[in-house]
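Heads up, the thing below is written out as structure tokens.
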Amino acid sequence: VLYDGTVMCWGDNSHGQIGMGFKGKMIEPTLSNLAGAFYVAAGRNFTIAALENGKVMGWGHNHVGQLGIISETDVVFPREIPKIKSVVKVVARDSFVLALTDIGEVYTWGKYSSNDADSISTPTKIEGLKFIKDIDAQNSRAYALTEDGRVLTWGSNIDQREYIEDRNPNTLNI
């Protein structure tokens, strides 16, 4: 993201994750037509951007709903992700996304695990998460920092080979 809210992209682009309207490798950084961005996150073959107006845009691979739309078709231009607004941060990992809103709510979509039944095709608010200050993720695990300094975690625990099926943080390890 450049100082004026425009975005430069380059790389593999096999699924249109650069957002320039085509597929195919781009070696040189290229200015996209996206404006007003303040945060960009890259997952596995897809890209998510938070805009100054609170909207979220996504492009690239969408085989498990990681673009927040009901379709398995690759998206080669930035497309608005419906059902979500007032976003202040986005995090993209392998095949899932987290979004934090200005009132401390967290939304998620995509897939945390290798189980196809775990896909969420549209942004879904994680009930029980309130007053969140920050979010992050690593591999298939998500984290939220609460206003009182607690760290909540959920998702697939690769290291211990455990999978927590309930995504409700009230029932998860803290």
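Along the sequence shown, residues are numbered consecutively beginning with 1. For clarity, every value in this text was computed on a predicted model and none was experimentally measured.
At a threshold of 4.5 Å between non-hydrogen side-chain atoms, the residues N33 and P78 count as touching. Side-chain atoms of I69 and P82, non-hydrogen and from C-beta on, do get closer than 4.5 Å to each other. The closest side-chain heavy-atom distance from I126 to W154 is below 4.5 Å. By the 4.5 Å heavy-atom criterion applied to side chains, K23 and S14 are not counted as neighbours. Side chains of N45 and D74 form no contact here, defined as non-hydrogen atoms less than 4.5 Å apart. With a 4.5 Å cut-off on side-chain heavy atoms, F96 and K111 do not count as touching.
Of the possible polar contacts, one joining the K89 side chain to the I135 backbone as a donor-acceptor pair under 3.5 Å is found. T146 contributes no side-chain N or O that, together with a main-chain N or O of I132, makes up a donor-acceptor pair within less than 3.5 Å. S32 places no side-chain N or O within donor-acceptor distance of the main-chain N or O of M8, the cut-off being under 3.5 Å. Judged by distance alone, the side chain of T101 and the main-chain N or O of A99 form no donor-acceptor pair under 3.5 Å. Side-chain atoms of T47 come within 3.5 Å of backbone atoms of Q17 as a donor-acceptor pair (strictly under, hydrogens ignored). Remark: the backbone N or O of S121 is not paired with any side-chain donor or acceptor of W109 at under 3.5 angstrom. Distance alone, capped at 3.5 Å, places no donor-acceptor pair between the N13 side chain and the M26 backbone.
Under the side chain to side chain contact (heavy atoms under 4.5 Å, CB included) rule, M57 has a single partner from L51, V75, I81, V7, which is L51.
Summarising the geometry of G58 relative to I48, their closest heavy-atom pair is CA-CD1, 3.9 Å, with the distance given to 0.1 Å. Taking all atoms of both residues into account, the shortest heavy-atom contact from F46 to S95 is CE2-CA, 4.1 Å. Between A92 and G43, the shortest heavy-atom distance links the atoms CB-N, 3.6 Å. When every heavy atom of N62 is checked against every heavy atom of G68, the shortest pair comes out as OD1-N, 4.2 Å. Closest of all the heavy-atom pairs between A37 and V1 is O-CG1, 3.5 Å.
Note on R141 versus D136: no salt bridge recorded, every NZ/NE/NH1/NH2 to OD/OE distance being 4.0 Å or above.
Note on I18 and F22: same hydrophobic cluster, where clusters join Ile, Leu, Val, Met, Phe, Trp and Tyr whose side-chain heavy atoms are under 4.5 Å apart, directly or indirectly. Hydrophobic clustering, with ILVMFWY side chains joined whenever heavy atoms are under 4.5 angstrom apart, groups L31 together with W10. A single hydrophobic cluster is not seen to contain both M20 and V76; linkage of ILVMFWY side chains at heavy-atom distances under 4.5 Å, directly or through other members, places them apart. Follow the hydrophobic side-chain contacts under 4.5 Å out from V106 and you reach V91 in the same cluster. In the hydrophobic clustering of ILVMFWY residues, with side-chain heavy atoms under 4.5 Å counting as a link, F38 and Y107 come out together.
Within 6.0 Å of atom CD in E52, more than 12 heavy atoms from other residues, nucleotides or ligands are found, so the atom counts as buried in its surroundings.
The line from CG of N53 to CD of E80 is 7.5 Å long, rounded to the nearest 0.5 Å.
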(Q) For a side-chain contact (heavy atoms from CB on, under 4.5 Å) check, start with the C-alpha distance between S86 and E105, then their side-chain angles and the critical distance, and finish with the verdict. (A) CA-CA 10 Å; S86 302; E105 296 176 328; over 6 Å; no
